[in-house]
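In the text below, chain A, chain B and the rest are named by the order of the sequence lines, each starting its count at 1.
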Number of protein chains: 2
Amino acid sequence: MSTLSEVARRAGVTSATVSNVLRNRGRVGEQTRQRVLEAVEALNYRPHLAARALAEGRAPTIALMVSSIANPFYPEFALAVERAARTSGHFVIICNTNEDPQAGRAYLEQIAGTLSEGVLVMNANLDFDDLHKTQARGAPVVLCMWERPDDPPGLPCVAVDFRRAGRLAAEHLIELGHTRIGAIVGSKPSGIHASRYEGFVDAMREAGLKIPAKSVRHAPDTIEGGYTAARNLLEHDAQMTAIFATNDLPALGTIHAAADLGRDVPHDLSVIGITDIQLAQQSRPPLTTVAVPTVEAAELAVSLLRELIERPSRAAQQKAQRMCVTSPPQLIVRGSTHTRSL
Amino acid sequence: MSTLSEVARRAGVTSATVSNVLRNRGRVGEQTRQRVLEAVEALNYRPHLAARALAEGRAPTIALMVSSIANPFYPEFALAVERAARTSGHFVIICNTNEDPQAGRAYLEQIAGTLSEGVLVMNANLDFDDLHKTQARGAPVVLCMWERPDDPPGLPCVAVDFRRAGRLAAEHLIELGHTRIGAIVGSKPSGIHASRYEGFVDAMREAGLKIPAKSVRHAPDTIEGGYTAARNLLEHDAQMTAIFATNDLPALGTIHAAADLGRDVPHDLSVIGITDIQLAQQSRPPLTTVAVPTVEAAELAVSLLRELIERPSRAAQQKAQRMCVTSPPQLIVRGSTHTRSL
DNA sequence: GTGAAAGCGCTAACAG
DNA sequence: CTGTTAGCGCTTTCAC
């Protein structure tokens, strides 16, 4: 690893000059520029990013806090984040909190503001106090998937109208003539699944449909969780003709459960999810779902973060209020829903 | 963000002392230690990792090069890498090369040795020259899933006996009485899928079974790729009773294709894959597959990397030869394979 | 145009 | 035990 001053020596100039040609700052004579470039080439010089970070007082990385990268939804988001981050010259450090606020805090305290200049939070189950603290220490924080455009979290965020997503899903089922509709709701009582369910409830109410307690189940946000909940639902109410899940994974599990119960999807049972993960296209039948603008959310989150990093002064005042809203979720009709036929 | 010297001033000592108490180096009086700790607390001080990295001449991060984190297999691996890395105090920077050697090179040149002190390579389609260069510049490199324990790549690596995996899969099918077996091989002609296919060929040959060209297809490493290839296979040879895929995703696609062709898996058609990704348990029927020790590979890779980082001198000599082999792949029989019944 | 010099925040000898 | 002194590799005024 050669250094700036080695390059400088070889080019017969000083390191300041080398720095200047490398960053196109200041005026440098064409001749010296050439010599410097040659020296850089000859020595195979590459700037030391940590040193640069220290000198500039900023870091070339951002942290992405996520509960577990192994959950099928996050990788798609992480990929989009990484792409967006690259365009602003940032690398992304992946921080799996494993849903543990302790782990999250450890990450935040160590890297925020020292190794990474900002943090993106994606359903990582973090303590809001911790988030505020890291913000106070100078590292901007943005929440990547806030579920309520109408209820700001007091932290910069990009919001997705999940309530609307829930409503769209329910409306689709209702339009198809379904009246006995079951719901599988992500296990965490509050948070992102609550608003989806609220949207569902809104639509049901408007259509004059009841939601008996028996037709709602809470389940872990996995295929298996959905499977179990769906079996349960179907065994308690044989008349049910449609199931709404607050997420794609449980919806996929529902399709499996139906198959095991000898019920054909979509003819005997319609199933709908929310998100539109890649797998949704690849199930049998392909899953009807309400697509959430993942890539857009990632891009907005990165650009908001960048803005907060670059205009800390102006941003300081707006921080609490700063909220970007993505374009609305959209219904994607595929093969798992059908006109009620019973 | 308060600094070491601010803490020092407040505690009435010098920054060296603060550094000492924080890292438990050197002897420090109990009284001063207390005062320092109080000051740290009062100022909410956190060490600046970039500064520390510069001073120590090493970085607290490693880079994980991967073709695309959105591919369902990598996240599981990435999670294991991150966990292992944390135990050695490293953060992991995720580098999506998108299969593009150019992109890979850009990453390597920028971060290797400056922002991250080592790099893990996971099927990222990188140029070996580039890897050798980054190694030469002082950043250890380890390949995470080398497919041939018997043929070292000239770079440190952890090897998984994929040939054996292919053999195990084939043997399972053969034992079940299948003789007309189709094969779906990952698209890249050389590399990781080749050895899996070789293992398959070995077993077939030993069993005295032929592999007509018609019963082999190359396909992208996706569900859809497998779907198309399987349809193709099945339409050309209605007698085929089993299909071996070099990876789980195409195997899953094969199950779908069979369903669309009205063939029951496993009674009309047995399907087997390799890897054992999470999805394999969750398909209908659950996929029989040969499990590859992902987590073990991740842990070995990280510890090998750490060793290379820490003993550069000794390691230098061994670098080219350094190879860890994981425990062997194992057959996991689930629902997609069955005794031949035609 | 180019160089000299200070400093980013921390660590690591070495003195005292 | 604690302080002094040098850097780590780079950026950035500010002189010349």
Side-chain angles (χ1 to χ4, degrees), chain A residues 1-37 39-40 43-60 89 109-117 137-139, chain B residues 1-37 39-40 43-60 89 109-117 137-139:
Chain A
M1 298 274 338
S2 40
T3 73
L4 242 209
S5 57
E6 285 171 18
V7 174
R9 197 179 323 134
R10 190 176 225 274
V13 296
T14 188
S15 60
T17 302
V18 178
S19 178
N20 279 335
V21 357
L22 257 24
R23 346 191 62 229
N24 286 316
R25 291 291 192 84
R27 319 250 147 271
V28 183
E30 190 49 38
Q31 310 218 5
T32 23
R33 153 174 260 98
Q34 284 310 326
R35 257 183 302 130
V36 167
L37 258 19
V40 165
L43 264 37
N44 192 23
Y45 167 80
R46 295 289 176 275
H48 192 296
L49 264 29
R52 177 176 283 180
L54 183 58
E56 286 183 328
R58 44 176 308 189
E109 293 197 339
Q110 287 192 77
I111 62 178
T114 71
L115 192 59
S116 75
E117 59 178 358
R137 271 195 285 108
Chain B
M1 297 274 341
S2 41
T3 73
L4 243 208
S5 56
E6 285 171 19
V7 174
R9 197 180 321 135
R10 190 176 223 272
V13 295
T14 188
S15 60
T17 302
V18 178
S19 178
N20 279 335
V21 356
L22 256 25
R23 354 189 55 231
N24 286 315
R25 291 288 194 86
R27 322 248 146 272
V28 183
E30 190 49 38
Q31 310 218 8
T32 24
R33 151 172 262 98
Q34 284 310 325
R35 256 183 303 130
V36 167
L37 259 17
V40 164
L43 264 37
N44 192 24
Y45 168 80
R46 295 291 176 274
H48 192 296
L49 264 29
R52 177 177 283 181
L54 183 57
E56 286 182 329
R58 43 175 309 187
E109 294 198 337
Q110 287 192 78
I111 61 178
T114 71
L115 191 61
S116 75
E117 58 178 359
R137 270 195 286 110

Name each donor-acceptor pair under 3.5 Å that joins a side chain in residues 46-54 of chain A to protein atoms two or more places apart or in another chain, with its distance.
{"unit_1": "A/R46", "atom_1": "NE", "unit_2": "B/E109", "atom_2": "OE1", "d": "3.3"}
{"unit_1": "A/R46", "atom_1": "NH2", "unit_2": "A/N44", "atom_2": "OD1", "d": "3.3"}
{"unit_1": "A/R46", "atom_1": "NH2", "unit_2": "B/E109", "atom_2": "OE1", "d": "3.3"}
{"unit_1": "A/R46", "atom_1": "NH2", "unit_2": "B/E109", "atom_2": "OE2", "d": "3.1"}
{"unit_1": "A/H48", "atom_1": "ND1", "unit_2": "A/A50", "atom_2": "N", "d": "3.3"}
{"unit_1": "A/H48", "atom_1": "ND1", "unit_2": "A/A51", "atom_2": "N", "d": "3.2"}

Q) Atom CD in B/E56, atom CD in B/E117: separation rounded to 0.5 Å? A) 9.0 Å
Q.
Within the supplied structure, the quantity of interest is the number of heavy atoms (other residues, nucleotides, ligands) at a distance under 6.0 Å from A/R25 CZ; does it exceed 12?
A. no
(Q) Are more than 12 heavy atoms, taken from residues, nucleotides or ligands other than A/E30, located less than 6.0 Å from that residue's CD atom? (A) yes
For [X] and [Y], which heavy atoms make the closest approach, and how far apart are they?
| X | Y | answer |
| --- | --- | --- |
| B/T3 | B/Y45 | C-CE1, 3.6 Å |
| B/A11 | B/A39 | CB-CB, 4.0 Å |
| B/L43 | B/S2 | O-OG, 3.1 Å |
| A/N24 | A/R33 | OD1-NH2, 3.0 Å |

Q: Identify whether any heavy atom of A/T32 sits under 4.0 Å from a base atom; if not, whether one sits that close to sugar-phosphate; answer base, sugar-phosphate or nothing.
A: sugar-phosphate
Q) Which part of the nucleic acid does B/G57 contact within heavy-atom distance under 4.0 Å: base, sugar-phosphate only, or nothing? A) nothing
Q: Answer yes or no: does a side-chain N or O of B/R25 lie under 4.0 Å from OP1 or OP2 of C/dA12?
A: yes
(Q) Using OP1 and OP2 only, check whether a side-chain N or O of B/R52 sits under 4.0 Å from C/dG9. (A) no
(Q) Under the side chain to side chain donor-acceptor pair (under 3.5 Å) definition, can you give me all pairs with a residue in residues 6-21 of chain A, not counting sequence neighbours? (A) none
Q | Positions of residues 5-12 of chain A (non-hydrogen atom under 4.0 Å from DNA chain D), listed by number | A | none
**Q.** Heavy-atom contact window of chain A on DNA chain D, given 5' to 3' at under 4.0 Å
**A.** D/dG9 to D/dT12
**Q.** Span that lies between the P atom of C/dA6 and that of D/dT5, in whole angstrom
**A.** 15 Å
Q) Toward the 5' end of DNA chain D, which comes first, A/N20 or B/Q31, by nearest nucleotide? A) B/Q31
**Q.** Upstream residue (5' side of DNA chain D) when B/T17 and A/L4 are each assigned their closest nucleotide
**A.** B/T17
Q | Side-chain touch A/L4/A/L22, heavy atoms, less than 4.5 angstrom | A | yes
Q. Are A/L37 and A/V21 side-chain neighbours, meaning at least one heavy-atom pair lies under 4.5 Å?
A. yes
Q: For DNA chain D, list all stems, counting runs of three or more consecutive pairs where every pair is Watson-Crick or G-U wobble with both distances under 3.5 Å.
A: C:1-11 with D:6-16, C:13-16 with D:1-4
Q | Residues A/V28, A/V36; criterion side-chain contact (heavy atoms from CB on, under 4.5 Å); working and verdict | A | CA-CA 10 Å; A/V28 183; A/V36 167; 6.0 Å; no
Under 3.5 Å, which N/O atoms of the protein pair with N/O atoms of nucleotides 5-8 of chain C?
{"unit_1": "C/dC8", "atom_1": "O2", "unit_2": "A/A55", "atom_2": "N", "d": "3.2"}

Q: Grab the CD-P distance between A/E30 and C/dT2 for me, whole Å please.
A: 10 Å
